Amino acid sequence: MEKFQEALLAWYRENPRSLPWRGEKDPYRILVAEVLLQQTRTAQAIPYYHRFLARFPTLKALREASLEEVLKAWQGAGYYRRALHLHLLAQEVEALPRSYAELLKLPGLGPYTAAAVASLAFGERVAAVDGNVRRVLSRVFALENPAPRMLRNLAQGLLPQGEAPGEWNQALMDLGATVCLPRRPLCSECPVAPLCQGRVDPGRYPGARRRKVREEALAALVLWGREGVYLERLEGRFAGLYGVPLFPQEELPRRVRSFGVDPRFAGEVHHTLTHRRLRVGVYVAPWDGEGAASRREQLVDPGEKPLPKLMEKVLRQAQAFLAHEGILPFPHAKAHGVKPFEPG
DNA sequence: AAGACGGGGGA
DNA sequence: TCCCCAGTCTT
């Protein structure tokens with residue numbers, strides 16, 4: 001496999017991607033990049049990388065911030081548990097541990113991220129196996145459905161002796177990201193194509209994972225007043241973020257009764273998650289919190305809270321409806337701009 | 001082993 | 001539409 005290593009390293013020296021965290025030495029900044037990159041495309045992660053680090057430049061700054069501030073900086077990036085784990089981790093350790101084994105114990109760090117940080121920041125000889133590496137190795141060795149364990153062993157055995165482990169890991173990932181593409185790989189440009197056992201049928205390796213998408217009918221209740229909208233801290237899905245009450249469609253009558261309101265239908269919004277298609281009926285009602293003193297203080301400007309994209313859609317829909325009806329919108333209306341109301 | 005967890009981009 | 005992304009955590 002020496003030829004494989006030489007060919008890939010030679011290619012990488014000529015074709016490295018230019019990324020904000022390339023050449024970065026600060027383990028904390030490397031960690032933030034790697035966590036942001038979990039299940040997230042590089043192009044999507046880059047703006048958040050800059051935003052997050054501008055706000056929390058050091059582990060200490062992150063530690064001293066509130067969870068809500070951290071989530072606010074993460075808003076829009078998705079998989080919000082990542083932000084929670086980063087904040088948690090900052091409380092747990094004074095400084096980042098320097099070994100793979102210790103890094104693996106931290107919340108939010110699995111085999112990939114621990115290996116990436118250990119190799120990139122501390123030069124440890126551990127292979128980082130992400131989706132790119134999985135795809136590259138599956139093709140090179142014609143593996144249709146390799147187990148994570150055997151893939152890690154395989155990658156570990158491939159680490160070259162004379163090369164910095166971090167460089168090697170990045171070389172493998174760059175190849176996957178720019179040449180060994182999921183669909184229609186650019187085999188004619190691939191430095192290891194002559195050694196690739198899967199080249200005859202790249203689409204076969206690794207085999208496709210199928211996922212079933214289920215539909216969910218929900219209702220959102222937008223209670224608005226002069227001071228803002230009634231928001232609560234969400235649990236389960238979008239845990240830690242804020243939003244208007246969201247529940248299964250069939251619970252609408254019960255929830256309406258419990259708030260003592262008489263809402264109007266403001267339209268529907270759709271939102272897709274990895275394994276779910278959400279169809280959300282938006283219902284709006286004026287509300288001043290009367291008869292529910294404990295809730296009155298929850299009337300806030302949504303712009304101040306970390307909201308998931310779904311809630312932004314819901315609020316936009318509600319606000320468009322109110323504008324269409326000539327009703328005074330809630331304070332945050334201007335922040336998002338008013339879109340024409342579209343019935344149905 | 002399977003499901004949950006966001007959001008977006010490319011074919 | 002479907003795929004899947006520099007994955008991790010929980011049943």
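Each chain gets a letter, A, B and so on, in the order the sequences are listed, and its residues count up from 1. None of the values given here were measured: they were computed from a predicted structure.
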Residue whose nearest DNA chain B nucleotide is more 5′ - A:Phe238 or A:Ala43: A:Phe238
Closest-nucleotide 5' rank along DNA chain B - winner of A:Gly76 and A:Arg183: A:Gly76
Students often get this wrong, so: under 4.0 angstrom with heavy atoms, is [X] touching a base, only sugar-phosphate, or nothing?
| X | value |
| --- | --- |
| A:Lys212 | sugar-phosphate |
| A:Arg214 | sugar-phosphate |
| A:Ala128 | nothing |

Rounded C1' spacing from B:dG6 to C:dC4 in Å: 13 Å
Euclidean distance for C1', B:dC5 against C:dC5 (whole angstrom): 14 Å
Transitive ILVMFWY cluster of A:Leu104, excluding itself - 4.5 Å side-chain cut-off: A:Tyr100, A:Val126
For C:dG7, the Watson-Crick or wobble counterpart (both distances under 3.5 Å): B:dC5
[atom2] on [Y] to [atom1] on [X], rounded to 0.5 Å:
| X | Y | atom1 | atom2 | result |
| --- | --- | --- | --- | --- |
| A:Leu62 | A:Glu64 | CG | CD | 10.0 Å |
| A:Lys305 | A:Arg233 | NZ | CZ | 7.5 Å |
| A:Tyr79 | A:Thr40 | OH | OG1 | 8.0 Å |

Side chain to side chain donor-acceptor pair (under 3.5 Å) between A:Glu124 and A:Ser99, intermediate numbers included: CA-CA 7 Å; A:Glu124 185 169 337; A:Ser99 74; 5.0 Å; no
Ring geometry between A:Tyr230 and A:Phe259 (parallel below 30°, tilted from 30 to 60°, perpendicular above 60°): perpendicular
Stepwise ring pair (Phe, Tyr, Trp, His ring centres under 6.0 Å) test for A:Tyr48 and A:Trp74: CA-CA 7 Å; A:Tyr48 289 98; A:Trp74 204 268; 7.4 Å; no
Per-nucleotide protein contact string for nucleotides 5-11 of chain C, where B marks a base within reach and S marks sugar-phosphate only (heavy atoms under 4.0 Å, - for neither): BBBSS--
Pair A:Gln75-A:Glu312, side chain to side chain donor-acceptor pair (under 3.5 Å): steps then yes or no: CA-CA 11 Å; A:Gln75 180 172 350; A:Glu312 292 184 16; 3.0 Å; yes
Test side-chain contact (heavy atoms from CB on, under 4.5 Å) applied to A:Leu175 and A:Val133, A:Asn15, A:Val192, the passing residue: A:Val192
Outermost DNA chain B nucleotides near chain A [under 4.0 Å, heavy atoms]: B:dG3 to B:dG10
